[in-house]
Every structure is written in structure tokens, then in C-alpha cells.
Amino acid sequence: MCHACTSHINGKAFSPCSVPVSKIAPDDEITTIEGLPATVGKGLHPMQEAWLDLDVAQCGYCRPGQITAAVANVRQATADGREIEDRDLDEIRNICRCGTYTRIREVIKEGAKNM
Ligand code: FES
């Protein structure tokens with residue numbers, strides 16, 4: 001329910017904790033937060049850099065899932081030919097027990113500028 005483990009399967013966000021391994025096909029591409037920088041050929045993904053620059057996290061527990069969800073969300077908006085909007089951010093269901101939702105919404109818009 002918390003989506004802290006959010007990763008990408010074939011570029012789309014999913015929660016690995018709720019998907020049995022038997023549902024993963026051999027040719028499915030799984031990207032975790034650790035693999036995210038490699039998708040842009042850098043040491044950090046632009047969304048990770050934005051998260052650090054704006055000092056978003058408090059405890060940081062939710063951060064990996066928030067970032068991977070944000071990247072998938074921005075990619076979808078871009079694929080639709082538009083910038084990220086509040087309605088996109090409303091779709092993100094990742095829980096932050098520290099309640100940093102306002103900062104999370106701001107950083108996703110910032111990070112999207114460099115994606
Ligand atoms: S920063 Fe603590 S759970 Fe989100």
C-alpha cells in the first residue's frame with residue numbers, strides 16, 4: 001500500500017511487492033531506483049538530483065518510490081505531448097509518513113524540467 005518499493009516494469013511504475021515473480025516475463029525490463037541513473041547515462045537521474053537540490057526528504061523512507069513514481073509520471077505526460085500538471089501529481093499514491101507532499105509536488109515539477 002505504501003508504494004515505497006515503486007520500480008518500473010517496461011518503463012511504467014509498479015509495486016514489486018504486490019507482483020508475484022511468476023507474472024514477470026523473461027523479456028520484461030525491471031528498473032529499480034538503483035538502476036534509474038543508468039537510464040540517462042549519469043551518476044544520478046535528474047529527478048534524483050532535484051530531490052537532493054531541494055532537500056525534499058525528511059526521513060527518506062518514501063524517497064525511492066516517490067522518485068520512481070515521479071519519473072514514470074513525467075514520462076507519461078511527455079509521451080502525451082505535454083508538461084506535468086497537477087492532475088498528474090494527483091495520480092501518485094505513494095505514501096509519505098512525514099507528510100512532505102507539498103515539497104514532493106514541487107520537486108517533481110522541478111525535476112521534470114531536466115528530463
Ligand atoms: S520523507 Fe519520511 S516517509 Fe517520506
Side-chain angles (χ1 to χ4, degrees):
M1 282 184 66
C2 69
H3 302 287
C5 66
T6 300
S7 299
H8 296 162
I9 182 167
N10 303 321
K12 297 197 181 287
F14 82 119
S15 295
C17 69
S18 61
V19 178
V21 172
S22 61
K23 297 290 184 193
I24 306 295
D27 60 345
D28 281 336
E29 183 175 320
I30 309 293
T31 306
T32 62
I33 187 71
E34 289 83 3
L36 201 55
T39 65
V40 293
K42 294 183 175 178
L44 286 176
H45 188 279
M47 191 63 72
Q48 292 173 301
E49 291 175 346
W51 230 269
L52 291 172
D53 290 346
L54 298 185
D55 198 19
V56 175
Q58 287 191 15
C59 78
Y61 182 84
C62 70
R63 181 165 35 189
Q66 298 281 7
I67 292 172
T68 49
V71 169
N73 206 287
V74 172
R75 283 181 183 158
Q76 185 59 57
T78 302
D80 293 344
R82 57 185 177 76
E83 294 185 5
I84 192 99
E85 300 171 2
D86 283 334
R87 64 183 161 124
D88 300 306
L89 303 177
D90 293 343
E91 293 176 3
I92 296 176
R93 292 286 178 250
N94 294 53
I95 294 173
C96 175
R97 63 187 182 184
C98 299
T100 62
Y101 297 108
T102 302
R103 295 202 314 244
I104 289 169
R105 293 174 74 94
E106 290 171 1
V107 76
I108 292 172
K109 291 177 180 174
E110 268 314 299
K113 294 176 183 174
N114 295 319
M115 284 180 57

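Just so you know, ligand 1 is whichever comes first in the structure, and atom 1 is the first atom listed for that ligand.
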Exercise for the section: Give me the protein N, O or S atoms that fall under 2.8 Å of atom 4 (Fe) of ligand 1, sorted by chain and residue number. Expected result: C62 SG, C96 SG
Problem - Same apolar cluster: Y61 and L54, side chain cutoff 4.5 Å - result: no
Completion exercise
Output for pair (T6 OG1, K12 NZ), nearest 0.5 Å, gives 15.0 Å
Exercise for the section: Using a strict 4.0 Å threshold on nitrogen-to-oxygen distance, state whether D88 and R82 make a salt bridge. Expected result: yes
Handout entry: Separation between OG1 of T68 and NE2 of H3, rounded to the nearest 0.5 Å
Key = 11.0 Å
Practice task
Considering only NZ, NE, NH1 and NH2 on the basic side and carboxylate oxygens on the acidic side, decide whether D55 and R103 come within less than 4.0 Å.
Solution key: no
Exercise for the section: Determine whether more than 12 heavy atoms belonging to other residues, nucleotides or ligands lie under 6.0 Å from atom CD of Q58. Expected result: yes
